[in-house]
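Lettering of chains follows the sequences in order, A, B, ..., and the numbering in each one begins at 1. Quick caveat, the model's predicted, so the values are computed rather than measured.
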Amino acid sequence: MTLNKIKKAFDTIHAKEELKEKTRQYIYDNVYNKKHSFNKNKSNRLVLALATVLIMFITISTYITPVMAISIDSQSSIQFEVNKFNRVISVSAYDDNTNKLIQSLNLKHSNYEDALDLIINELESKNIIDEDTYVNISISTKDNKMGNKVLNEVENKYKEHYKNLNCNNPDASYQNEAKKHNMSIGKYQEYKNSQQNNPNLSIEEFKNSCIDQCEHKNQQKGKNK
Amino acid sequence: MRSEQETNRAIELYSDTVKRICMVYLKNQFDTEDIFQTVFMKYVLYDGKFEDEKHEKAWIITVTINACKDFLRSFFRKNSVSLDEAILIETDTKEDYSEVFQAVLSLPKKYKDVVYLFYYEEYTAVEIATMLNKNVNTIYTLLSRARSLLKEKLGGDDFE
């Protein structure tokens, strides 16, 4: 009888619905909801990381892709390539002395206008060019609008100082050919012009002469015709 | 980790058992809430498999008893005095059984869980020994002394 009473007494004890609900809520808040929000955060973080990588990839690709080549040709030739952000991404010279010169200038990543100023000042300070020297500045780009704008800016900036300044926009398709023959785009353009007067002119012969000599020859041949 | 569905089933199925054990050990509603959260959180995070419902229930009982013991041992509990300490039986128990509850709950701590497990849950002394991690003979001794005490308090001869 007494044992039965103990059993019956404990049988009357029940957990209230409120207590069960509080426990369910506690477990949900601390386990399942956290797990969901963790997964949500995890996927958000993954998307963000992928977007960051993609943006970085696009930015880096854009930064290292040249959209314009500018060459300065006189007794020596220097060419630099410029990206969409108007920054210099590569500089080339075609003889040892000029190579040393451009290395000392540290032109990479500078604005193309500053780079052009630095090169011209350095060439002048080393007496490679002066106000009477024939200076050819070529701006080659597939973007005609950009090409014309830069051409006008450069021409306006230097034409007062250099009497024999020639600024031009060579065909962008010449860039690969010029690279293949290890020449600046400006000098390759001059070669193409010279070839019109002298179809037998070899590229090697042309390569070894200065652009001012070539220009002089062109002018002479033009006069003779 | 167990699914939400499994957890809801366990809460529904074992809440009364957890509540009864809490009543044996603890004396107020807020402490019971803590134990519920501890026990079912452990259940959610337990990766082991249960052979059957009996095994699962035994696991719940063991975890609840340990949680209650841990709670009573806790620094906070030892160093605080609850106003509810004086309330021996919760208000939702039936008046008819208050004498029985008084008798069981006023037993020394070491007898209460044994009495509950033996008389209410109907576990054998061997099973109780495993659950409480005690020697079987100790369980027999505890049961025998608890019977004597209950007999004194409640009278009757069916404790033998």
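Within residues 108-118 of chain B, the residues having any heavy atom closer than 4.5 Å to a heavy atom of chain A are Y116(B), listed by residue number. Within residues 18-25 of chain A, the residues approaching chain B closer than 4.5 Å by heavy atoms are, in numerical order, L19(A), K20(A), K22(A), T23(A), R24(A).
Residue R2(B) holds its CZ atom at 12.5 Å from CD1 of I27(A), rounded to the nearest 0.5 Å.
More than 12 heavy atoms of other residues, nucleotides or ligands sit less than 6.0 Å from atom OH of Y158(A). For N133(B), the CG atom sits in a loose shell: 12 or fewer heavy atoms of surrounding residues, nucleotides or ligands are nearer than 6.0 Å. Summarising the local packing, NZ of K179(A) is surrounded by 12 or fewer heavy atoms from other residues, nucleotides or ligands at distances under 6.0 Å. Enclosure of atom NZ in K69(B) by more than 12 non-hydrogen atoms of other residues, nucleotides or ligands within 6.0 angstrom is indicated. Within 6.0 Å of CG in N152(A) there are more than 12 heavy atoms belonging to other residues, nucleotides or ligands. Enclosure of atom CG in D96(A) is not indicated, since only 12 or fewer non-hydrogen atoms of other residues, nucleotides or ligands lie within 6.0 angstrom.
Contacts of E122(B) with chain A are made by side-chain atoms alone, with heavy-atom separations under 4.5 Å and no backbone atom involved. Proximity to chain A (any heavy atom under 4.5 Å) is shown, for V18(B), by neither the backbone nor the side chain. Using a 4.5 Å cut-off between heavy atoms, T17(B) makes no contact with chain A at all.
Contact check for L150(B) versus I6(A): side-chain heavy atoms found under the 4.5 Å cut-off. Looking at heavy atoms from C-beta onward, Y32(A) lies in side-chain contact with T7(B) at the 4.5 angstrom threshold.
Taking all atoms of both residues into account, the shortest heavy-atom contact from A15(A) to D16(B) is N-OD1, 2.8 Å. The nearest pair of heavy atoms linking M23(B) to I13(A) is SD-CD1, 3.3 Å. Considering every non-hydrogen atom in both M41(B) and Y26(A), the closest pair reads CE-CE2, 3.6 Å.
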**Message:** Please evaluate residues R20(B) and H14(A) with respect to the criterion side chain to side chain contact (heavy atoms under 4.5 Å, CB included), reporting the C-alpha separation (whole Å), side-chain torsions for both, the decisive distance (0.1 Å), and the verdict.
**Reply:** CA-CA 8 Å; R20(B) 285 170 194 133; H14(A) 296 288; 3.8 Å; yes

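A distance of 6.0 Å or more separates the ring centres of Y119(B) and F10(A).
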